[in-house]
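These values consider heavy atoms only, across backbone and side chains, with no hydrogens, waters or symmetry-generated copies.
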Amino acid sequence: MAGYRSPIASGLSCRCPRCGVGRLLIGILKPAESCSNCGLDFRSAESGDGPVAFVVLLVGALVMPFVFWVEFRFNPPFWLHLLLWPPIIVGGSLLLMRPAKGLLISLHLHHQAGEPQR
């Protein structure tokens, strides 16, 4: 066992927050049930669509100022906007979704967040 790992570093690298070796996600966004190395159970830390929604909103907020700048500075035809921005938005979203999901699951496990007790 490697000792304490930062939940942020292990989440962004999509590795187990306990040992840093096992994979946190299988496929693109599906969480593993448990760590293949140390056996830490990941099922209690399901993040749902929270990271995906956050990433989409973040990428939109970062790209939109450039969209307006290009429109008002250069006044390109509409088809150029359709050609330019969707690949940037989709690519940026896909690039950030996996680390965001790993980060949220890792922080859930680190802080032992779960359903409130009644």
remark   = For Cys14 and Gly102 the tightest heavy-atom approach is SG-CA, 4.4 Å
ask   = Leu80, Val67: one ILVMFWY side-chain cluster at the under-4.5 Å cut-off?
value = no
message = Evaluate Asp41 against Leu109 for side-chain contact (heavy atoms from CB on, under 4.5 Å), listing each step before the verdict.
response = CA-CA 9 Å; Asp41 186 16; Leu109 291 168; over 6 Å; no
ask   = Taking only residues two or more places apart in sequence or in another chain, which ones pass side-chain hydrogen bond (donor to acceptor under 3.5 Å, both in side chains) with Glu46?
value = none
query = Would Val63 and Phe72 show up in the same hydrophobic cluster when neighbours are defined by side-chain heavy atoms closer than 4.5 Å?
reply = yes
ask   = What heavy-atom pair brings Ala100 and Val55 nearest, and what distance separates the two atoms?
value = CB-CG2, 3.5 Å
ask   = Taking atom OG of Ser13 and atom CZ of Arg23, what is their separation to the nearest 0.5 Å?
value = 12.5 Å
query = Hey, mind stepping through Leu25 and Lys101 against side-chain contact (heavy atoms from CB on, under 4.5 Å) and telling me if it holds?
reply = CA-CA 9 Å; Leu25 300 172; Lys101 185 140 185 162; 4.2 Å; yes
key: Spacing of CG belonging to Leu40 relative to SG belonging to Cys35, to within rounding of 0.5 Å   = 6.5 Å
inquiry  = To the nearest 0.5 Å, what is the distance between CD1 on Ile26 and CZ on Phe42?
reply    = 10.5 Å
request  = Check whether more than 12 heavy atoms from other residues, nucleotides or ligands sit under 6.0 Å from atom CZ of Phe74, and answer yes or no.
outcome  = yes
key: Common cluster, Val52/Leu107, ILVMFWY with side-chain heavy-atom separation under 4.5 Å   = no
ask   = Between the main-chain N or O of Ser6 and the side-chain N or O of Ser10, is there a donor-acceptor pair closer than 3.5 Å?
value = yes
Tell me which donor-acceptor pairs under 3.5 Å the side chains of residues 81-98 have, and how far apart each pair is, sequence neighbours excluded?
| from | atom 1 | to | atom 2 | distance (Å) |
| --- | --- | --- | --- | --- |
| His81 | ND1 | Trp85 | NE1 | 2.9 |
| His81 | NE2 | Glu71 | OE1 | 2.6 |
| Ser93 | OG | Ile89 | O | 2.9 |
| Arg98 | NH1 | Gly27 | O | 2.6 |
| Arg98 | NH1 | Ile28 | O | 3.0 |

query = When rounded to the nearest 0.5 angstrom, what distance separates SG in Cys16 from CG in Asn37?
reply = 7.5 Å
inquiry  = Same cluster or not: Leu103 versus Val56, using hydrophobic residues (I, L, V, M, F, W, Y) connected whenever any side-chain heavy atoms lie under 4.5 Å apart?
reply    = no
key: Pairwise distance CG(Leu24) to OG(Ser34) - rounded to 0.5 angstrom   = 11.0 Å
task = Answer yes or no: are there more than 12 heavy-atom neighbours, outside Leu58 itself, under 6.0 Å from its atom CG?
result = yes
